[in-house]
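A quick write-up on the structure given underneath.
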Amino acid sequence: MRDDTWLKYAALYWPKMGRLRPPDYPLLDSAVSTRLHEEGWLVDIQPPEWAWAEVGQPFLTLINEHAGTLRDRFGLDRIDTWGVPAAEAGFGYAGDRRSTGRTDDPAARGAVMWLNPRFGFVHASEIGPEIVAAAVEAGLAITGPGRGGTWVGMHPELASVYTCALTERVALDNRLQPITDQELPHTALSGWTLDRLVHLLVEPPAAHDDRPRPGPDLVDAFVFLAFATVVPANLDAVPVEKIIEIRSKFGAELDAFRTYVTEQVQGFAALEHVRDLAVFQEYLHSEVQRTVSARLAELRERLRSVGLESVCALANVKSVALPPLAALAAETAGMPAAFTLPAAVAACVVSAPVQWRRQRRAALDESPVSYLFRLEQEISPPTMIDRLRRVWPA
């Protein structure tokens, strides 16, 4: 997990998150992911053998049928032309170990230093041995030892496409939702067929490709925009303990919001077929405005109507609630109304919060977006009205 802010967003919505992790895979978790792992929200899933066996078949066919074209674009001997900026490999070791595939021209191809920072790496346990052998033989990959076993180094795009295919296969066959903290232009939930791989990795990138492309996941995009209406931009500054507290405190409302999101996304599933990203975003903004922002405004207005959203409600306690209470007390006790006035004031001040709490609870229970309201109150910077609300919480 590379982005702690994205991880916090995910933890505010998804019940749990699984990540593919071989048994000996080295952990380089941040403090945030470590804490969420300890809490049981972040769960490790060992890559099943059936998954890489099934996902690997089209990749193996691709290598066997298009080795030359793939080598021209992703070959290890062309690493200086990849256009990939050198970045820290991130696995904490380097050395003199070298491993290269077969080369027709050893002098031209040269030896490739193991763990070159331009490589993308995949743990060998996530790839079938036949695919590794074919990729090494074709000059597309290298293998070498590291923490947690053997690693396979290759062009980052090859590594990204393969891990994407593996993750999506494991997720879909286990009724899970594949999500990522990175922008991936090549998701293919409709299936990683040989034709799809040829289009992505063999055919030259076109400046203007008219073929339909997979758009952003509707659930992810909808939830992100919905959260953007209430969650501050500096979520990175919010402690992970606060995220855990919110999940624990408002679990029922979160479940209701998830159900609501699923219903709304099903209602505009046709947006997935919109080709232009800008048009897709406008459609989605409109849907979020209609189904989330408007409902949130309705909830705030209802809360204002019961006196917990406005300071004016506190100021009007005496004039609105006192006369009926005072008259009732005088009639019941057979005393002059003037005599009961101080007691009635006290009764009003004590009972009003109880009544408001009951009404506020009902408003929140009935709203499908009450969880967003809770997020706004818990995470956004407090105002004076916020501090007044906390005197009489729901």
Side-chain angles (χ1 to χ4, degrees), residues 3-15 17 32 35-36 39 41 179 218-265 281 284-314 353 356-394:
D3 188 335
D4 282 349
T5 300
W6 177 88
L7 202 58
K8 290 176 182 178
Y9 267 108
L12 285 173
Y13 180 76
W14 295 105
M17 177 176 290
V32 171
R35 185 66 186 90
L36 291 173
E39 190 67 18
W41 178 81
I179 57 175
L218 276 178
V219 173
D220 285 351
F222 184 89
V223 170
F224 181 83
L225 285 179
F227 277 13
T229 64
V230 296
V231 176
N234 62 332
L235 186 62
D236 58 314
V238 177
V240 66
E241 295 299 333
K242 186 65 176 178
I243 305 296
I244 295 172
E245 177 190 346
I246 290 172
R247 288 179 52 83
S248 174
K249 194 173 179 181
F250 305 117
E253 285 156 310
L254 173 54
D255 290 341
F257 180 63
R258 285 197 207 101
T259 301
Y260 182 66
V261 167
T262 300
E263 294 170 351
Q264 299 310 306
V265 169
Q281 290 174 334
L284 197 60
H285 274 288
S286 297
E287 291 297 335
V288 170
Q289 174 63 34
R290 179 180 66 85
T291 60
V292 174
S293 299
R295 298 296 294 268
L296 198 54
E298 291 173 4
L299 176 59
R300 292 193 187 105
E301 183 60 32
R302 183 173 176 185
L303 293 176
R304 274 195 293 268
S305 71
V306 298
L308 289 180
E309 190 68 21
S310 173
V311 178
C312 293
L314 297 176
W356 290 349
R357 280 200 298 269
R358 188 180 302 117
Q359 293 173 336
R360 184 172 187 256
R361 180 71 261 175
L364 291 167
D365 287 344
E366 295 168 11
S367 174
V369 297
S370 61
Y371 179 67
L372 295 181
F373 179 82
R374 296 292 199 182
L375 287 184
E376 185 177 44
Q377 304 304 300
E378 293 288 327
I379 296 181
S380 296
T383 64
M384 179 174 291
I385 293 178
D386 294 328
R387 289 192 288 270
L388 286 172
R389 285 198 199 100
R390 291 169 187 170
V391 176
W392 295 330

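Along the sequence shown, residues carry numbers from 1.
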Taking atom [atom1] of [X] and atom [atom2] of [Y], what is their separation to the nearest 0.5 Å?
X    : Y    : atom1 : atom2 : result
W6   : D236 : CH2   : CG    : 16.0 Å
I243 : L12  : CD1   : CG    : 4.0 Å
Y13  : L254 : OH    : CG    : 8.0 Å
L372 : L299 : CG    : CG    : 9.5 Å
R295 : S367 : CZ    : OG    : 6.0 Å
L303 : Q377 : CG    : CD    : 8.5 Å

Under 3.5 Å donor-acceptor, [X] side chain and [Y] backbone:
X    : Y    : answer
R302 : Q359 : no
W14  : Y9   : no
T259 : D255 : yes
T291 : E287 : yes

In plain terms, say whether K8 and D4 are close enough for a salt bridge, that is, a side-chain N and a carboxylate O under 4.0 Å apart.
no
Smallest separation among heavy atoms of R247 and P15, with atom names
NH2-O, 2.7 Å
pair [X]-[Y]: side-chain heavy atoms closer than 4.5 Å:
X    : Y    : value
L235 : F227 : no
P368 : Q264 : no
Y371 : I246 : yes

Where do F222 and V292 land on the side chain to side chain contact (heavy atoms under 4.5 Å, CB included) test, with the steps shown first?
CA-CA 10 Å; F222 184 89; V292 174; 3.6 Å; yes
Report the C-alpha distance between E253 and R361 in whole Å, list the side-chain angles of each, state the deciding distance to 0.1 Å, and finish with yes or no for salt bridge (charged side-chain N to carboxylate O under 4.0 Å, His left out).
CA-CA 11 Å; E253 285 156 310; R361 180 71 261 175; 3.2 Å; yes
Salt bridge (Lys or Arg N to Asp or Glu O under 4.0 Å) filter on E39, not counting sequence neighbours, yields R35
Audit row: E376, R300, salt bridge (charged side-chain N to carboxylate O under 4.0 Å, His left out) steps and yes/no:
CA-CA 11 Å; E376 185 177 44; R300 292 193 187 105; 2.8 Å; yes
Please walk me through it: do Q281 and L225 pass side chain to side chain contact (heavy atoms under 4.5 Å, CB included)?
CA-CA 10 Å; Q281 290 174 334; L225 285 179; over 6 Å; no
Run R374 and L364 through side chain to side chain contact (heavy atoms under 4.5 Å, CB included) and show every step you take.
CA-CA 9 Å; R374 296 292 199 182; L364 291 167; 3.3 Å; yes
